[in-house]
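Computed from a predicted structure; not experimentally measured.
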Amino acid sequence: MAAVDVIKSCLDSIAQISEHVEGAIVYLDSGCTESFQFTGAFPVLLELGARAICSLENMSSLDSVVNWNSNSDPAWKVVVMTSRLLSDAHRYILRCLSTHKGVRQCTVFTSISELAQSAYPDSPLGPDAFHEYEILLLQDYEEIVKKIQKKASHSDVSSNFQESLTFEDEGWSRLTSSEEDVSHCEATSSGKYLFGESHTEYLGGKLVVSVHHFPMILCPFSPKVFVLPSEGSVSEAYLSAKHEDSLSPGLPPISTGVPPDGEDVPPGALLTAHFLYHLAAKMDLKMEIFSLGDLSKTVGKIMTDMSSLYDVGRRKRSAGLLLIDRTLDLLTPCCHGDSLVDCIYHLENVLQEEESNTNDSRLAERIEAFLVGWDACNSSPPETVDLVNLCNKVHDGKSFLSESQLLNGSFVSTETFRGTPYMEAILDRRTKDGAVLVKKWLQETLRRQNINVNVKIRPGFATKSELQPMIRALAKSQSSLIRNKGIIQLGAAVLVALDESHSTRWNAFVSAEKILSATAGDTSQSLGAQIGDLIHKSTMLGSDGDKKTDNLQGLLSFKDALLLMIVGYILAGENFPTSGSGGPFSWQEEHFLKEAIVDAILENASVVKLKFLDGLTEELEANLNRKKSEDTKEASSDQLESDDDQWGKWGDEEEDDGKNDKKQVYSDMQLKLELLDRVDNLFKSLHKLSTVKRRNLSLREGTFSLESNFTGDFGLNKSLIYKLLTRVLGKHDVPGLEYHSTTVGRLFKSGFGRFGLGQTKPSLADQNIIMVFVVGGINAAEVREVQEALSESGRPDVELILGGTTFLTPDDMFTLLMGDSSYI
């Protein structure tokens with residue numbers, strides 16, 4: 001029997017809608033675009049006959065001009081694929097139809113099922129959600145058509161003709177899509193220059209709308225590892241409302257043994273359950289559902305309630321689904337493991353922050369220069385435009401185009417772009433091994449392209465001096481750049497990951513985490529002292545790593561120290577659960593940490609970007625600036641006093657200075673008291689993180705505890721997923737693991753059991769296909785450890801699939817636990 005392949009299932013699902021795609025303009029929202037980039041679906045859509053593949057959020061009237069097929073007939077079909085709720089995507093779909101008024105057929109594919117659309121909180125759609133939306137979309141479209149026809153009837157022929165000419169001239173040169181696109185298309189005669197006479201005749205005709213469910217919108221890193229699109233409704237829906245056991249909207253609440261039910265079910269749990277149910281159906285898998293964690297139990301219960309007698313009669317492969325709450329193991333995604341993919345995704349976040357701060361992306365500038373060069377409204381004709389000078393002009397001044405405007409147009413992909421196979425190969429590789437593998441791919445690509453590069457190659461190593469010339473040689477010509485886009489992008493990412501400025505910081509994290517891990521096996525006093533030492537050292541840098549001196553290579557910032565403090569508190573909660581009344585440390589130890597945090601904040605103005613300091617930013621900045629100015633004045637006054645005759649000040653002056661000093665002391669005291677309150681709230685959140693093990697039965701019993709892992713090697717600390725799979729594949733019991741019986745299983749148990757036909761409880765270890773889905777997200781270290789657990793089990797017959805709501809990096813965890821996405 002064929003192996004389970006998530007990528008193949010996605011591509012097969014696309015092939016099944018070929019009738020709709022053929023001859024249509026295909027619009028993808030941001031979530032679908034992200035998904036199709038991973039699956040390599042763009043060539044498939046073009047092979048199925050799509051005219052163009054465009055961005056839904058950034059659609060333009062010129063999208064209808066693009067035609068990648070030989071058919072020259074006007075565009076009359078539109079296919080919209082969205083990863084969002086229909087109510088969220090409605091304004092984009094309506095804008096698309098109002099712009100392309102020659103469209104006769106509109107087909108909408110949504111990754112959210114009809115039942116989930118109606119069950120979502122505050123949804124405007126009922127049980128028959130798809131049919132209701134078809135009617136609502138037609139009604140809104142007809143209202144727009146009537147407004148256009150009414151406006152056209154009040155215009156004379158000459159003005160319409162002049163407007164159409166204006167639109168024709170502007171349309172080919174415009175590179176943005178805004179509300180003005182619709183206004184330029186509103187005259188009925190304007191469209192004939194793009195669509196022919198049939199457009200005018202059809203304007204008042206009947207539009208045919210159909211809505212379908214397309215569940216296979218996901219981002220597969222490999223055939224057996226996937227996450228959900230970061231901009232889709234499933235991953236964006238909150239997993240926990242704000243209450244005493246919640247940490248972040250993007251994380252499940254802390255498991256206490258009381259799963260949310262009824263109206264308390266978060267929308268994220270509802271959408272996740274529906275997605276997994278329909279994913280299994282598309283892959284022809286009959287799931288036996290097991291769960292660990294409160295929210296996972298809720299997801300499993302929803303999936304079980306969706307099962308019916310109809311599912312039994314269908315021929316499906318049996319599989320086990322293991323649902324796990326991310327909050328059961330917060331330590332693994334917070335740590336910096338030895339993973340090339342982790343490094344690359346971490347650096348992607350860092351580079352995005354740097355680009356947003358400096359606005360110095362040379363690639364974006366060159367794209368802007370090229371696009372503006374073809375804009376006849378803002379510049380001279382294309383043949384007279386000096387793109388190099390224009391690029392320099394963009395670099396010196398403000399950007400002409402925003403990021404969203406740069407995404408306008410049709411997405412193009414070639415068969416030679418092999419991004420997904422590359423990702424699959426390096427997904428479970430350590431940094432050194434992955435970099436060597438990428439170097440090997442670059443060498444093979446150069447050999448295949450007959451490109452010679454004069455560079456000395458050392459076997460078994462990959463350095464910047466080796467990779468950089470090879471990447472430049474492949475990107476030298478435009479044809480080579482397009483043909484080898486995948487390996488060039490990957491090589492450039494590895495090049496940045498190997499850069500000393502980034503690798504030094506990453507290694508500093510790894511070293512600090514090793515120290516914390518080893519110290520956690522000693523005493524709470526030593527662990528608290530290590531955390532405090534990291535905080536004190538971080539004051540030598542800004543919150544984002546801006547060095548105050550030039551010789552502090554690899555030193556961690558205050559923001560980094562806070563992330564390490566999260567790691568320290570989780571370790572302390574697992575090893576010293578009863579040290580203090582409210583947390584794992586004693587009152588004295590925690591008071592020392594609070595004072596260190598307050599001093600670090602007062603000495604470092606850039607930390608005001610942290611969420612728990614919202615509302616104090618201006619006061620902290622003013623306080624720091626005042627201290628700097630006072631230091632400057634003191635330095636200058638000391639110089640003056642050396643040349644003065646020491647007459648001093650008169651009585652009135654001394655009295656005024658005394659009053660000002662008292663006011664300043666009072667203001668400083670107020671600021672520090674307010675800061676202490678904020679820091680107290682911060683430590684309350686840290687206390688919650690430290691209680692995860694104590695409040696969960698299976699973790700509290702020590703089944704997955706870390707006490708046996710403190711051997712001086714941080715690499716031996718395995719994730720919860722590894723420990724779970726090791727026990728499951730070894731056919732050992734897992735405390736707290738709940739099995740969700742299907743409808744038929746409950747029927748056998750309750751009804752037929754009295755006749756001796758009772759159904760025995762299935763075991764997850766008996767399944768040849770096991771899907772592990774982490775509600776809250778996964779990281780690259782867990783991908784590698786899943787493979788390690790499978791290989792160590794000695795069961796090559798088992799197929800393991802790993803999925804999660806998102807892909808997590810340590811920076812993402814900081815955002816979820818202390819940043820803008822936290823409940824701090």
Side-chain angles (χ1 to χ4, degrees), residues 30-31 33-35 37-39 218-222 224-232 235-236 250-251 326 330-356 361 419-435 437-438 462 486-499 501-510 513 544-545 559-560 563 567 719 721 774 776-787 802-817 819-821:
S30 54
T33 302
E34 184 182 358
S35 170
Q37 284 173 339
F38 279 94
T39 56
L218 46 87
C219 300
F221 290 100
S222 75
K224 289 182 170 57
V225 179
F226 70 92
V227 295
L228 303 181
S230 59
E231 297 191 57
S235 56
E236 286 187 349
L251 291 172
R326 176 74 276 171
L330 294 172
L331 184 63
T332 301
C334 284
C335 292
H336 296 67
D338 187 8
S339 167
L340 180 61
V341 174
D342 258 347
C343 290
I344 290 175
Y345 271 81
H346 165 76
L347 291 173
E348 181 184 9
N349 294 335
V350 172
L351 293 177
Q352 285 176 353
E353 290 180 5
E354 291 177 354
E355 286 184 9
S356 63
S361 174
T420 302
Y422 287 150
M423 181 62 74
E424 176 187 351
I426 68 169
L427 190 58
D428 58 351
R429 299 270 180 164
R430 300 184 184 274
T431 305
K432 179 183 175 182
D433 297 338
L437 187 58
V438 172
I487 185 58
I488 290 174
Q489 285 182 332
L490 186 56
V494 173
L495 198 64
V496 176
L498 295 178
D499 186 78
S501 61
H502 296 123
S503 62
T504 304
R505 178 172 176 262
W506 187 273
N507 292 334
F509 261 118
V510 173
E513 288 161 0
D544 296 319
K559 180 179 175 182
D560 300 334
L563 178 58
V567 173
S719 65
I721 295 179
V774 183
I778 59 174
N779 75 337
E782 290 171 325
V783 176
R784 182 177 68 247
E785 291 182 5
V786 163
Q787 297 302 320
L802 179 62
T805 49
T806 188
F807 189 84
L808 295 170
T809 65
D811 281 349
D812 295 329
M813 291 302 297
F814 181 87
T815 302
L816 290 170
L817 297 175
D820 293 336
S821 299

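- Put simply, the side chain of Thr805 gets close to the backbone of Gly777: a donor and an acceptor are under 3.5 Å apart.
- Looking at Ile426 and Leu490, their side chains come closer than 4.5 Å, going by heavy atoms from C-beta outward.
- When every heavy atom of Cys343 is checked against every heavy atom of Trp506, the shortest pair comes out as SG-CE2, 3.6 Å.
- Under the 4.5 Å side-chain criterion, counting only non-hydrogen atoms from C-beta, Ser222 is not in contact with Asp428.
- In this structure the side chain of Thr809 never reaches within 4.5 angstrom of the side chain of Asn779, judged on heavy atoms.
- The shortest non-hydrogen separation linking Ser503 to Leu498 is OG-O, 3.9 Å.
- Pairing each heavy atom of Gly31 with each of Glu231, the nearest pair is N-CB, 4.3 Å.
- The heavy-atom pair separating Ile344 from Ala493 by the smallest distance is CG2-CB, 3.9 Å.
- The two residues Glu513 and Cys335 come nearest to each other via the heavy atoms OE2-CA, 3.5 Å.
- Pro229 approaches Ser35 most closely through the heavy-atom pair CG-CB, 4.2 Å.
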Original post:
Could you go step by step and tell me if Leu251 and Leu330 meet the side chain to side chain contact (heavy atoms under 4.5 Å, CB included) rule?
Top reply: CA-CA 10 Å; Leu251 291 172; Leu330 294 172; 4.2 Å; yes
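- Distance CG/Asp499 to CZ/Arg505: 13.0 Å, rounded to 0.5 Å.
- Looking at Asp812 and Pro333, their side chains never come closer than 4.5 Å, going by heavy atoms from C-beta outward.
- A 4.5 Å side-chain heavy-atom check between Val783 and Val341 finds every atom pair outside the cut-off.
- Side chain of Ser339 to backbone of Ala781: no donor-acceptor contact under 3.5 angstrom is found.
- In this structure, the side chain to side chain donor-acceptor pair (under 3.5 Å) partners of Thr431, at least two apart in sequence or on a different chain, are Asp338.
- Distance CD/Glu34 to CD/Gln37: 7.5 Å, rounded to 0.5 Å.
- In this structure, Leu437 and Leu340 have side chains that are not in contact, with every pair of non-hydrogen atoms separated by 4.5 Å or more.
- A distance of 7.5 Å separates CG in Asp811 from CG in Leu563, rounded to the nearest 0.5 Å.
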**OP:** Would you check, one step at a time, whether the test side chain to side chain contact (heavy atoms under 4.5 Å, CB included) holds for Arg326 with Leu808?
**Re:** CA-CA 11 Å; Arg326 176 74 276 171; Leu808 295 170; 3.7 Å; yes
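- The only member of Phe509, Phe814, Tyr345 that meets ring pair (Phe, Tyr, Trp, His ring centres under 6.0 Å) when paired with His336 is Phe509.
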Subject >> Full working for side chain to side chain contact (heavy atoms under 4.5 Å, CB included) between Asp342 and Phe807 >> reply: CA-CA 9 Å; Asp342 258 347; Phe807 189 84; 4.0 Å; yes
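- Using modelled atom types and a 3.5 Å distance limit, the side chains of Ser719 and Glu785 yield a donor-acceptor pair.
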